[in-house]
Amino acid sequence: MHFSTLAAQIGCGWDTTTGAVSVPIYQTATFRHPGLGKSTGYDYSRSENPTRSVLEDAIARMDGGVAGFAYASGMAAVASLLLLFKAGDHLVVTEDLYGGTYRLFEQDFTRFGLAFSYVDTTDPATVEAAIQPQTRGLFLESLTNPLLKVADISTLAALGKRHGLMTIVDNTFLTPYLLRPLDLGADISLYSGTKYLAGHNDTVCGLAAVKTEELAEKVSFHQNAAGAVLGPQDSWLAIRGMKTLSVRMDRQLANARKITAWLCAHPLVTKVHFPGLPDHPGHDILKKNGKGFGAMIGFEVAEPGLVEKVLERLRLISFAESLGGVETLITFPALQTHADIEPEKRERMGINPQLLRLSVGIENAQDLIDDLSQALSGEAA
Ligand SMILES: *Cc1c(COP(=O)(O)O)cnc(C)c1O
């Protein structure tokens, strides 16, 4: 079945009692047992809830995994998956990691005896050099924020396998529509479903898919034990969003291409970071591993003073955190997502005070370009 068919059909035909096309929201904490030692398959909603089960089945199928899991947020997914490790274990991690993941690793999990090395995962040799005798996992982002660096998941997963490591990929920026980490050899894929998967900036959720039954059993145990599960209402919203994932992303990708071309030609834009550009260092890797370059764009304006003006003048595009929704959003990484990183390190990573990040939505591309145009130059396009 093609991706768009699978997506549109999520939950359809599931309710054989009523034939409801849209999966019902099972707003219940518990379930009546038919008798002693008997169960309908559902006992208590932390363990399993029918609405959540449909969502979990959907992410498993989209990602080609044996099982899927839904959590209260992307961070809840990461925290729950880290319970697969134990004190003394070491993980090699993408250096320009999502800020919330970095905070969780450094401020929480290090207190429980986990250790992390943050390296440039665009270079497999650097990753291999960081592997120690206690290393048990690779935690990668397939496409990073805000410089859109690309990790070669197939090469790194093979490397991980050689060293007996578990490879976990945060694939939030690409989604299974554009790249499937499990097909490329990873053990677990995970998502902030808040972003492209749910796609409407209206719910916070986390999703994961796993490659083997053995892992499914372990991840399921920790999901139930720690309990940061997604509620039935939010599961329904995520399902509703995922049904249109491919349609939304096709439009977002097309818009991103048009906006990138326009930005590249603008005299006040000095640099554009977009993996769809042939000279982007990750272009060929994404071409090999995936089906598209995403709809996130980083761009640098001619001087830092222009940043504030652009953010003030934008009328259509919202200055707001998050990404992946139908509405186009802009952020200023140096002061928002990456504010906690020391200035020199930030600068070394390439996150300078001229850098803005655009999450391209599904609006008309020309309207977005007109808004950027008047914001950059101070006059109508
Ligand atoms: C947003 C995000 C997260 C965290 O997800 P939440 O749903 O906000 O908890 C993790 N990884 C990446 C790449 C993200 O963009």
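Position 1 is the first residue of the sequence, and the numbers go up from there. Read the numbers this way: they start at 1 and go in the same order the structure lists the ligands and their atoms.
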Just by distance, with hydrogens left out, do E327 and H200 show a side-chain donor and acceptor under 3.5 Å apart?
no
Say whether E95 and Y102, considering side chains only, have a donor N or O and an acceptor N or O under 3.5 Å apart.
no
Here the atoms of ligand 1 under 4.0 Å from any heavy atom belonging to G74 are 5 (O), 6 (P), 7 (O), 9 (O)
Is a side-chain donor-acceptor pair under 3.5 Å present for T126 with D120?
no
Below the 3.5 angstrom mark, is there an N/O of L323, backbone or side chain, next to an N/O of ligand 1?
no
Which heavy atom of T30 sits nearest a heavy atom of D43, and at what distance?
OG1-O, 3.2 Å
salt_bridge(D284, K287) N-O dist < 4.0 Å:
no
Which residue holds the protein heavy atom closest to atom 3 (C) of ligand 1, what is that atom called, and what is the gap in Å?
Y98 CE2, 3.4 Å
Please identify which atoms of ligand 1 are closer than 4.0 Å to at least one heavy atom of C205.
7 (O)
Proximity flag F173 to ligand 1, non-hydrogen atoms under 4.0 Å
yes
Atom indices of ligand 1 within 4.0 angstrom of S73 heavy atoms, with elements
7 (O), 9 (O)
Closest candidate by heavy atom, reference atom 11 (N) of ligand 1, pool T172, T194, N171, D170
D170
With a 4.0 Å heavy-atom cut-off (strictly under), which part of S322 contacts ligand 1: side chain, backbone, both or neither?
neither
for atom 14 (C) of ligand 1, nearest protein heavy atom and its distance come out as K195 NZ, 3.0 Å
Verify the distance criterion only: is there a donor paired with an acceptor across the side chains of N49 and Y44 at less than 3.5 Å?
no
Could you please spell out the steps behind the side chain to side chain donor-acceptor pair (under 3.5 Å) verdict for N171 and S189?
CA-CA 6 Å; N171 192 35; S189 61; over 6 Å; no
